[in-house]
Number of protein chains: 2
Amino acid sequence: MSTRILEHPDVEEIRLEAVLHALAEPARLEVVRFLAEVGREVACSEIDLAVSKSTGTHHYRVLREAGVINQVYRGTAKLNSLRRAELDALFPGLIDSVIAAADRERARPRPS
Amino acid sequence: MSTRILEHPDVEEIRLEAVLHALAEPARLEVVRFLAEVGREVACSEIDLAVSKSTGTHHYRVLREAGVINQVYRGTAKLNSLRRAELDALFPGLIDSVIAAADRERARPRPS
DNA sequence: ATCGTAGTACGATGAATGTCAAACTACGAT
DNA sequence: ATCGTAGTTTGACATTCATCGTACTACGAT
């Protein structure tokens with residue numbers, strides 16, 4: 001049975017704080033960074049996060065419910081993509097700068 | 001007595017995720033938005049948040065520890081300012097777009 | 001029909017977070 | 001020295017959060 005259709009917030013329901021919260025977590029930020037990099041629909045299984053499957057599911061849901069990603073089922077896979085156009089319209093430059101920042105931080109030597 | 005000097009992270013210690021996390025909370029985002037708007041040092045008491053004093057203290061600390069704001073004591077007041085130059089150098093465009101987004105969201109009709 | 005792969009649902013759990021009130025400290029002004 | 005204002009500290013509390021394992025469903029392929 002089937003919740004084969006996934007709930008997504010409408011553009012006008014997307015809240016800045018929810019988006020920032022969604023992005024403020026390493027695994028989720030990595031998903032977003034990856035989606036931005038490849039620029040196409042990507043199955044959950046293609047991105048390997050350092051967490052269990054169930055935790056992964058949780059993170060994807062947070063991203064979707066915040067309005068950051070779009071998810072559709074295709075066969076057994078669930079394809080994810082960035083809601084770039086909508087986010088850009090809503091918060092111009094935000095996603096670009098977050099992704100650029102994530103890329104930079106990735107390249108930066110980590111002080112630890 | 002006195003921790004009259006406040007600990008701030010060095011620029012290279014500022015982590016993107018911590019910044020995003022700091023910004024992902026309404027009261028804290030409001031502080032940042034306000035600081036950006038007035039563009040000068042502002043005492044905690046000048047920004048009225050809808051929370052108690054102790055909660056306020058907590059939020060300011062989160063912002064400072066994330067590297068988002070600078071805090072210095074002056075007399076009985078504690079002055080806050082955005083670490084704009086440093087954040088801009090680290091994550092170009094990020095703070096600008098977050099603030100622009102916060103301004104927009106503020107103006108947007110809230111669906112509730 | 002059976003199997004494997006992809007992902008979900010369901011608790012559960014421990015850590016982090018936002019919140020507050022109350023008692024406190026620091027400083028300037030009177 | 002006393003008072004008021006500004007902010008802190010502490011301890012408590014409820015909520016949210018990230019995490020996991022296990023059992024489950026959905027679908028394609030054999």
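Chain letters run A, B, ... following the sequence lines, proteins first, then strands; residues in each count from 1.
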In this structure, how many angstroms lie between the [atom2] atom of [N] and the [atom1] atom of [X], rounded?
| X | N | atom1 | atom2 | answer |
| --- | --- | --- | --- | --- |
| Ile69(B) | dG7(D) | CD1 | P | 12 Å |
| Tyr60(A) | dA9(C) | OH | P | 16 Å |
| Glu17(B) | dC17(D) | CD | P | 17 Å |
| Glu41(B) | dG7(D) | CD | P | 13 Å |
| Gln71(A) | dA6(C) | CD | C1' | 13 Å |
| Tyr73(A) | dA6(C) | OH | C1' | 10 Å |
| Arg28(B) | dA16(C) | CZ | C1' | 11 Å |
| Glu25(B) | dC17(D) | CD | P | 12 Å |

I need the Glu65(B) CD to Gln71(B) CD distance, nearest 0.5 Å.
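So the gap between those two atoms works out to 9.5 Å.
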Ignoring backbone atoms, test whether [X] places a side-chain nitrogen or oxygen under 4.0 Å from the OP1 or OP2 oxygen of [N].
| X | N | answer |
| --- | --- | --- |
| Thr76(A) | dG4(C) | no |
| Thr55(A) | dC20(D) | yes |
| Arg74(B) | dC27(C) | no |
| His21(A) | dC17(D) | yes |
| Arg61(A) | dG7(C) | no |
| His58(B) | dC20(C) | no |
| Ser54(A) | dC10(C) | no |
| His59(B) | dT19(C) | yes |
| Ser52(B) | dC20(C) | yes |

Select base, sugar-phosphate, or nothing to describe what Val51(B) touches, counting heavy atoms under 4.0 Å on all strands.
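Contact class for Val51(B): sugar-phosphate only.
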Taking all non-hydrogen atoms of both residues, which atom of Glu46(B) and which atom of Arg40(B) are closest, and how far apart?
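The answer is OE1-NH2, 3.3 Å.
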Minimum-distance pair of heavy atoms, taken over all atoms of Ala22(A) and Val68(A):
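Heavy-atom minimum between the residues: CB-CG2, 4.2 Å.
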Under a 4.5 Å side-chain heavy-atom rule over Ile, Leu, Val, Met, Phe, Trp and Tyr, are Val11(A) and Ile69(A) clustered together?
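The answer is yes; both residues are in one hydrophobic cluster.
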Between Thr55(B) and Ser52(B), a side-chain donor and acceptor under 3.5 Å:
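A pair is found: one side chain offers a donor N or O, the other an acceptor, under 3.5 Å apart.
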Under 3.5 Å on both distances, the Watson-Crick or G-U partner of dA29(C):
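Answer to the pairing question: dT2(D), which forms a Watson-Crick or G-U pair with dA29(C).
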Watson-Crick or G-U wobble partner for dG14(C), using a 3.5 Å limit on both distances?
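Pairing partner: dC17(D).
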Which residue, Gly56(B) or Lys53(A), contacts DNA chain D at a nucleotide closer to its 5' end, judged by nearest heavy atom?
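So the residue in question is Gly56(B).
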Most 5' of Ala24(A) and Ala43(B) on DNA chain D, judged by nearest nucleotide:
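Counting from the 5' end, the first nearest nucleotide belongs to Ala43(B).
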Could you tell me whether the side chain of His8(A) reaches within less than 4.5 Å of the side chain of Arg83(A), counting heavy atoms only?
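Yes; the side chains approach each other to less than 4.5 Å.
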